[in-house]
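Fair warning: this is a prediction, and the values are worked out from it, not measured in the lab. Letters A, B, ... are given to chains in the order of the sequence lines, protein chains preceding strands, and every chain is numbered from 1.
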Amino acid sequence: MANQEAAGPPSDFIRDIVKEDLRTGKRGGRVCTRFPPEPNGYLHIGHAKSINLNYGIAREFGGRFNLRFDDTNPVKEEQEYVDSIIDDVRWLGADYGGRVLFASDYFEQMYRWAVELVRKGMAYVCDLAADEVTAYRGTLTRPGRDSPYRGRPVEENLDLLERMRRGEFPDGSRTLRARIDMASPNLNMRDPVMYRIMHAPHHRTGGAWCIYPTYDWAHGLEDSIEGITHSICTLEFENHRPLYDWFLDALGIHHPQQIEFARLNLMYTVLSKRRLLELVQEGRVRGWDDPRMPTVSGLRRRGYTPEAVREFCRRIGVAKFDGVVDIGLLEHCLREDLNRRSPRVMGVLRPLRVVIENYPEGRAEEVEAVNNPEDPSAGVRRVPFGRVLYIEREDFMEEPPKEFFRLAPGREVRLRYAYFIKCIGAVKDPRTGEPAEIRCTYDPATRGGDAPDGRKVKATLHWVSAAHAAAAEVRVYDHLFTKADPDDVEPGQDWKSNLNPRSEEVLTGCPVEPGLASAGPGSRFQFERLGYFCVDNDSRPGALVFNRTVALKDPWAKIQKGHRAR
RNA sequence: UGGGGAUUAGUGUAACGGUAGCACGACAGACUCUGGAUCUGUCUGUCCUGGUUCGAAUCCAGGAUCCCCAGCCA
């Protein structure tokens with residue numbers, strides 16, 4: 001079976017490059033990668049792909065992996081995000097050697113290099129306002145024009161840059177720009193801004209700076225300082241690579257190789273920090289860690305395991321094709337992992353009362369249940385049984401179609417680990433006409449779940465003894481969006497119109513077996529025949545709350561869907 | 001109408017001039033005290049048109065489609 005050990009080391013075009021570099025000694029035989037998040041939001045599963053790639057490469061080739069915050073824009077960044085990102089990286093299992101690095105720690109060095117470029121005539125202070133810079137830049141099809149300040153003498157540039165740093169000028173009044181080529185077909189090369197004036201406190205450097213480096217200027221320097229060998233980023237930075245190279249070459253410092261790969265896209269959700277922030281800010285979800293969110297913290301709260309996420313990242317591979325991964329693959333990896341590790345229990349989401357008429361009033365007993373059929377070492381437990389039980393509402397049908405082989409009038413089924421019961425009648429709710437209670441008889445000879453006479457039943461139902469049940473709130477989740485592509489909208493609508501109004505359904509008073517009463521937040525279970533559930537952070541003793549992590553595969557649901565389609 | 005990238009089953013990803021494979025999925029069956037799991041089988045593919053070659057997903061030419069770029073965001 002495809003487990004991580006047997007699968008062998010992953011292979012992709014980036015690892016091919018690394019292998020080749022190692023073979024030729026191109027980068028000194030070293031491998032050093034990094035994950036460089038900006039602390040302006042929570043990590044999502046797309047970041048998990050990047051972390052796995054970067055950390056995986058470092059680990060496989062005996063290299064080093066850095067966690068570095070790209071904190072060059074103080075107005076968007078917060079300590080809360082730094083903390084959450086560290087938690088998430090750790091949870092994902094990426095070993096960053098305990099070094100948490102920050103671009104802001106390199107600000108002084110970056111400034112010295114900027115002065116060096118000015119001295120070389122490769123950068124200048126420009127007094128153009130933001131909109132003027134835009135106008136001078138030209139368009140995709142027309143070249144730009146040189147800034148009137150482009151020819152400023154070196155001494156004047158040096159003086160102005162120094163004064164920019166000292167805080168003599170207001171926000172936006174000047175920038176430091178690289179002198180490259182205003183006619184370049186690559187807009188990034190048209191004298192890009194290196195420093196902008198922002199009188200804003202930084203979450204780490206406080207008020208020490210009022211000029212901050214832009215991404216293009218800073219990123220390669222950060223990589224260079226850390227001795228990164230392979231600077232792996234997403235496709236949208238492909239156009240920036242010439243600039244990345246230009247700065248490093250201009251300075252003549254260690255020059256990592258930038259390699260771009262396709263970011264992850266997933267069906268039925270959005271993976272953009274901007275959009276996720278919007279959902280959080282507008283209260284569309286319970287927060288960044290809402291179990292419906294594709295954030296790492298959301299997945300964690302939902303009950304995902306880091307192993308499942310890692311296996312998913314391994315299976316989707318790494319390439320340059322900008323595609324969309326079927327969320328079913330993520331769910332498959334989840335089930336695969338949860339199946340082998342989750343203890344089984346019984347819980348009923350939508351209870352239907354069952355009275356066993358020939359079971360002695362007031363009697364109670366315990367039946368023995370297997371904790372995990374996939375793992376004999378998990379042992380067994382005892383589950384209380386009684387005269388009055390709850391079964392799942394959908395496990396009974398008054399007039400069943402042929403394919404339905406659960407409980408129905410006159411039909412016999414097995415209660416898991418307990419007895420065969422036969423339905424002898426249903427009491428209807430006079431108001432709704434729906435069955436309110438089922439009357440059954442049981443066969444005492446079938447205790448444990450097998451009939452001595454060898455007769456078979458077609459179904460086994462889960463159940464909970466009414467007298468012993470603990471009550472729980474259960475939150476059942478569905479995809480965040482109703483469409484695989486949330487951007488597939490009617491004219492005039494936006495992606496949020498595809499938000500799934502039923503992405504969360506809260507069920508209360510769900511009977512679960514009593515052993516669950518003491519389960520703490522984060523513990524995971526399989527509710528037999530239903531799915532995998534975990535105890536939510538909101539759970540309290542006496543007020544249990546479960547999240548449905550993912551449902552079990554459900555052929556019956558598929559059959560029903562087929563019926564409805566017809 | 002500039003530049004940069006991409007295109008292999010429904011989805012993702014291999015094949016590096018030599019039998020188009022894997023995974024998810026779908027479908028069918030076996031098994032089953034979870035309609036779960038497990039097992040077996042089946043299904044669908046090289047963007048198009050030419051060319052080179054004994055042989056092309058792979059090399060060449062032309063075309064199509066999609067993505068990215070005009071932040072003092074990253």
Side-chain angles (χ1 to χ4, degrees), chain A residues 1-2 7 11-12 16 36-38 40 70 72-73 75-76 126 128-130 133-135 137-144 171-177 184-190 192-198 211-212 214-216 218-219 233-242 260 262 264 267 273-274 315-333 335-336 339-340 344 346 369-370 373-374 403-406 414-418 420 446 448-450 456-462 484 526-531 551-559:
Chain A
M1 198 43 227
S11 174
D12 53 66
D16 289 346
E38 183 188 14
N40 67 344
D70 203 3
T72 56
N73 186 358
V75 302
K76 292 194 172 178
C126 179
L128 254 25
V133 170
T134 303
R137 185 156 31 228
T139 70
L140 293 179
T141 52
R142 286 205 200 295
D171 285 5
S173 59
R174 288 177 222 266
T175 54
L176 182 73
R177 294 226 256 164
S184 171
N186 180 344
L187 303 222
N188 296 123
M189 301 299 273
R190 319 242 263 228
V193 170
M194 297 163 64
Y195 278 101
R196 66 290 211 189
I197 301 172
M198 295 170 109
I211 58 171
Y212 291 95
T214 56
Y215 168 86
D216 283 315
H219 203 85
C233 62
T234 45
L235 254 25
E236 66 269 28
F237 293 103
E238 217 153 15
N239 294 328
H240 295 247
R241 186 169 5 111
E260 309 85 12
L264 172 65
M267 294 175 185
K273 280 201 232 176
R274 206 203 88 239
R315 290 206 200 189
I316 57 177
V318 177
K320 295 194 75 156
F321 176 66
D322 187 20
V324 188
V325 176
D326 192 329
I327 199 164
L329 180 60
L330 213 210
E331 291 168 350
H332 168 82
C333 294
R335 289 193 187 99
E336 186 179 58
N339 175 51
R340 54 183 166 228
R344 318 279 129 131
M346 292 192 284
V370 173
E374 305 293 321
E403 305 94 330
F404 184 89
F405 43 84
R406 277 112 94 147
R414 172 169 40 234
L415 293 178
R416 180 136 235 228
Y417 298 124
F420 285 11
T446 58
D450 286 303
K456 302 286 182 198
V457 289
K458 290 193 74 177
T460 300
L461 310 187
H462 60 280
Q526 184 198 98
F527 285 13
E528 295 222 26
R529 301 208 306 134
L530 295 177
L552 246 27
K553 285 216 269 190
D554 187 354
W556 170 238
K558 203 174 286 184
I559 292 167

Remember a base hit wins even if backbone is also touched, and classify A:P373 as base, sugar-phosphate or nothing at under 4.0 Å, heavy atoms. base
Distances for protein N or O near nucleotides 25-31 of chain B N or O, under 3.5 Å:
| unit_1 | atom_1 | unit_2 | atom_2 | d |
| --- | --- | --- | --- | --- |
| B:rA26 | OP1 | A:K558 | NZ | 2.8 |

Hey, does A:R142 reach any base, or is it just sugar-phosphate, or nothing, if we go heavy atoms under 4.0 Å? nothing
According to salt bridge (charged side-chain N to carboxylate O under 4.0 Å, His left out), who are the partners of A:E38, at least two apart in sequence or on a separate chain? none
Just how far is it from atom CD of A:Q526 to atom CZ of A:R344, taken to the nearest 0.5 Å? 4.0 Å
Rounded distance (Å) that lies between atom C1' of B:rU34 and atom CG of A:D450: 15 Å
B:rA9 and B:rG21: how far apart are their P atoms, nearest whole angstrom? 14 Å
Any base atoms under 4.0 Å from A:R190, or only sugar-phosphate, or nothing? Heavy atoms, all strands. nothing
Please state whether the base of B:rU13 and the side chain of A:R315 form at least one donor-acceptor pair under 3.5 Å? no
Answer yes or no: is there a side-chain heavy-atom contact under 4.5 Å between A:Y212 and A:T72? no
Return the set of residues passing side-chain hydrogen bond (donor to acceptor under 3.5 Å, both in side chains) with A:T234 (not counting sequence neighbours), or none when no residue passes. A:E236
Go along nucleotides 68-74 of chain B 5' to 3' and tag each nucleotide: B for a protein heavy atom under 4.0 Å from its base, S when only backbone or sugar atoms are that close, - otherwise. BBBSBSB
So what does A:M194 touch, heavy atoms closer than 4.0 Å: a base, only the sugar-phosphate, or nothing? nothing
Determine the contact category for A:V318: base if any of its heavy atoms lies under 4.0 Å from a base atom, sugar-phosphate if only primed atoms, P, OP1 or OP2 are that close, otherwise nothing. sugar-phosphate
Checking only heavy atoms, does the side chain of A:E260 share a donor-acceptor pair with the base of B:rG4 at less than 3.5 Å? no
Sugar-phosphate, base or nothing in reach of A:V324, heavy atoms under 4.0 Å: sugar-phosphate
When you compare the protein's N or O atoms with those of nucleotides 15-19 of chain B, which come within less than 3.5 Å of each other, and at what distance?
| unit_1 | atom_1 | unit_2 | atom_2 | d |
| --- | --- | --- | --- | --- |
| B:rC16 | N4 | A:D16 | OD2 | 3.3 |

Salt-bridge criterion met for A:R315 and A:E336 (N-O under 4.0 Å): yes
Min side-chain heavy-atom separation A:S11-A:D16 under 4.5 Å: yes
Across all chains, not counting sequence neighbours, the side-chain hydrogen bond (donor to acceptor under 3.5 Å, both in side chains) partners of A:T460 are A:R414
What's the gap between B:rU49 and B:rU42 when it is taken at their C1' atoms, as a whole Å value? 34 Å
Would you mind classifying the nucleic acid contact of A:Y417 as base, sugar-phosphate or nothing, using non-hydrogen atoms under 4.0 angstrom? base
Minimum side-chain heavy-atom gap A:M267-A:L330 below 4.5 Å: no
What's A:E528 touching, base or sugar-phosphate or nothing? Going by heavy atoms closer than 4.0 Å. base
Kindly indicate whether the side chain of A:D70, heavy atoms from C-beta on, has any atom under 4.5 Å from the side chain of A:Y215. yes
By side-chain hydrogen bond (donor to acceptor under 3.5 Å, both in side chains), which residues pair with A:H240, not counting sequence neighbours? A:D216
With C1' as the reference atom in both, quote the distance from B:rU32 to B:rC39 in angstrom, rounded to an integer. 11 Å
Judged by each residue's nearest nucleotide on RNA chain B, which is more toward the 5′ side, A:D12 or A:K458? A:D12
Remember a base hit wins even if backbone is also touched, and classify A:F527 as base, sugar-phosphate or nothing at under 4.0 Å, heavy atoms. nothing
Span that lies between the P atom of B:rC16 and that of B:rA56, in whole angstrom: 15 Å
Whole-Å C1' distance, B:rG10 and B:rG25: 7 Å
Spacing of A:R529 atom CZ relative to B:rA37 atom P, expressed in whole Å: 14 Å
Whole-angstrom distance between B:rA15 and B:rU8, as gauged at atom C1': 10 Å
Qualifying salt bridge (Lys or Arg N to Asp or Glu O under 4.0 Å) pairs, either residue in residues 316-327 of chain A, two or more places apart: A:E238-A:K320, A:E260-A:K320
For the pair made of CZ in A:F405 and P in B:rG35, what is the distance, rounded to whole Å? 7 Å
Partners passing side-chain hydrogen bond (donor to acceptor under 3.5 Å, both in side chains) against A:R177 (at least two apart in sequence or in another chain): none
Stem regions touching RNA chain B, defined by at least 3 consecutive Watson-Crick or wobble G-U pairs below 3.5 angstrom: B:2-7 with B:64-69, B:10-13 with B:21-24, B:25-30 with B:38-43, B:47-51 with B:59-63
Distance, rounded to the nearest Å, where A:L264 contributes CG and B:rU13 contributes C1': 13 Å
Holding to ring-ring contact (aromatic ring centres under 6.0 Å, His included), I want the full list of residues that pass it with A:F420, two or more places apart in sequence or in another chain. none
If I take atom NE2 in residue A:H462 and atom P in nucleotide B:rG35, what distance separates them, rounded to the nearest angstrom? 10 Å
Taken in chain and number order and not counting sequence neighbours, the residues that satisfy ring-ring contact (aromatic ring centres under 6.0 Å, His included) with A:F404 are A:W556
